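These values consider heavy atoms only, across backbone and side chains, with no hydrogens, waters or symmetry-generated copies. None of the values given here were measured: they were computed from a predicted structure.
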Amino acid sequence: MSLNSPILSRRSAEVAARFGAQAASYEDHAGLQQDVARKLAGMLPELKAPRVLELGCGTGLLSRHLVARYPHGQFVLTDAAPAMIGECRRNLARTRARVTYEVMDADAAGGHDDLDLIVTSMTLHWLRDPVASLERLRTRLAPGGVLLFATLGPDSFAEWRTVLATECLPSGIPDLPAIPGVVEEEHLRPITIRFPSCAG
């Protein structure tokens, strides 16, 4: 694993520390992230032997799909949290794919150019300026390269936000600008859960 002496912004270091502290048990509570990674994997383009950069690989929820889809690819899997990269490496231990791991601040991703695919799942909303980050990433692509991402949107968890706002509590969900390049946006239908009465 290359640590590349990363210099993380204060914000990225705080996020990395929180995720890193929970790396070993992260997947026990990552149902949403698993579903998003699976859906994003269904949108991966047809490529023979791509050079792939994944930002915010975490424990490898999307990485597993990448190495399965592109058995002849070259992969650079990155995260700001070394403990998350350690879990990703453990989860991909049996792969024969050409994989390198790097600690990298997705907010200032660099060091790799002429990439066929840059992918990130559920990471952009943690960045200081997701739109500027996407623009920087676009310049790292080879001609015809693809930048594919999944992130929260301004309407994500609307019911959660509303309930907490009525109680004057913060939602904990970052406010996001409109993200350019969105080709599919998913809106989930609200569900009602009925609990038995406590009155008996």
Side-chain angles (χ1 to χ4, degrees), residues 1-6 8 11-112 115-127 130 133-134 137 140-141 145-152 156 172 174 186:
M1 177 182 344
S2 167
L3 297 184
N4 281 350
S5 299
L8 302 178
R11 176 186 172 101
S12 294
E14 289 171 355
V15 170
R18 286 196 307 266
F19 276 93
Q22 302 301 319
S25 62
Y26 178 81
E27 291 193 17
D28 295 339
H29 311 284
L32 172 67
Q33 291 82 351
Q34 290 172 353
D35 291 344
V36 171
R38 190 172 22 259
K39 184 166 184 176
L40 191 60
M43 299 178 178
L44 290 169
E46 292 293 329
L47 299 167
K48 296 277 186 203
R51 294 185 64 226
V52 180
L53 172 65
E54 182 184 3
L55 299 169
C57 68
T59 59
L61 296 175
L62 179 60
S63 312
R64 286 169 240 182
H65 294 283
L66 292 170
V67 299
R69 176 68 181 265
Y70 305 120
H72 304 292
Q74 289 180 280
F75 303 91
V76 179
L77 307 180
T78 73
D79 201 283
M84 294 296 264
I85 291 177
E87 288 297 310
C88 183
R89 178 179 281 228
R90 187 180 62 74
N91 288 325
L92 294 179
R94 293 190 173 146
T95 186
R96 294 183 180 189
R98 292 180 290 175
V99 178
T100 59
Y101 301 87
E102 292 185 18
V103 174
M104 182 182 290
D105 187 341
D107 225 358
H112 301 280
L115 296 159
D116 301 302
L117 177 63
I118 300 174
V119 64
T120 184
S121 181
M122 300 301 282
T123 300
L124 290 176
H125 54 275
W126 294 111
L127 305 184
S133 294
L134 285 173
L137 292 171
R140 304 256 175 218
L141 292 168
V146 175
L147 173 57
L148 185 64
F149 62 88
T151 190
L152 299 177
S156 296
E186 183 172 311

J.: Under a 4.5 Å cut-off applied to non-hydrogen side-chain atoms, are Met43 and Lys39 in contact?
T.: yes

J.: Just how far is it from atom CG of Leu115 to atom CD of Glu54, taken to the nearest 0.5 Å?
T.: 12.5 Å

J.: Give the intermediate values and the outcome of side chain to side chain donor-acceptor pair (under 3.5 Å) for residues Asp107 and Ser12.
T.: CA-CA 8 Å; Asp107 225 358; Ser12 294; 4.6 Å; no

J.: Only counting residues at least two apart or in another chain, list the ones meeting salt bridge (charged side-chain N to carboxylate O under 4.0 Å, His left out) with Arg69.
T.: Glu46

J.: Do you know the tightest heavy-atom contact between Met104 and Gly110?
T.: CE-O, 3.3 Å

J.: Considering all heavy atoms of both residues, which atom of Leu124 and which atom of Phe149 are nearest to each other, and what is their separation?
T.: CD1-CD1, 3.5 Å

J.: Do Leu137 and Thr120 have side chains that get closer than 4.5 Å, going by heavy atoms?
T.: no

J.: Are any non-hydrogen side-chain atoms of Asn91 and Glu27 less than 4.5 angstrom apart?
T.: yes

J.: At their closest point, which heavy atom of Ala49 faces which heavy atom of Asp116, and how far apart are they?
T.: O-OD2, 4.3 Å

J.: Going by the angle between their ring planes, with limits at 30° and 60°, are Phe19 and Tyr26 parallel, tilted or perpendicular?
T.: tilted

J.: For the atom pair CG (Leu62) and NE2 (His65), what is the distance rounded to the nearest 0.5 Å?
T.: 6.5 Å

J.: Could you grab the distance from atom CD of Gln22 to atom OG1 of Thr59, nearest 0.5 Å is fine?
T.: 12.5 Å

J.: Any non-hydrogen side-chain atom of Met122 less than 4.5 Å from a side-chain atom of Leu32?
T.: yes

J.: With heavy-atom distances below 4.5 Å as the criterion, would you say the side chains of Thr95 and Phe75 are in contact?
T.: no

J.: Can you tell me how far apart CG (Leu77) and CE (Met84) are? Round to the nearest 0.5 Å.
T.: 13.0 Å

J.: Find the distance between CG (Leu40) and OG (Ser121) and round it off to the nearest 0.5 Å.
T.: 5.0 Å

J.: Does any part of the side chain of Thr78, heavy atoms only, come nearer than 4.5 Å to the side chain of Leu53, both counted from C-beta?
T.: yes

J.: His112 vs Glu102, test: side chain to side chain donor-acceptor pair (under 3.5 Å). Steps then yes/no.
T.: CA-CA 11 Å; His112 301 280; Glu102 292 185 18; 3.1 Å; yes

J.: Let me confirm one number: the CD1-CG distance from Ile118 to Leu141, rounded to the nearest 0.5 Å.
T.: 4.0 Å

J.: Examine distances only and state if a side-chain atom of Arg98 and a backbone atom of His72 form a donor-acceptor pair shorter than 3.5 Å.
T.: yes

J.: Do you know the tightest heavy-atom contact between Val103 and Pro82?
T.: CG2-CG, 3.9 Å

J.: Test your reading of the model: is there a side-chain donor-acceptor pair from Asp79 to the backbone of Gly58, 3.5 Å cut-off?
T.: yes

J.: Using the test salt bridge (charged side-chain N to carboxylate O under 4.0 Å, His left out), find all partners of Arg90 that sit at least two apart in sequence or belong to another chain.
T.: Glu87

J.: Using every non-hydrogen atom in the two residues, find where Ser63 and Cys88 come nearest and quote the distance to one decimal.
T.: OG-SG, 3.7 Å

J.: Provide the closest heavy-atom pair for Leu117 versus Leu44 in the form atom of the first, atom of the second, distance.
T.: CD2-CD2, 3.9 Å

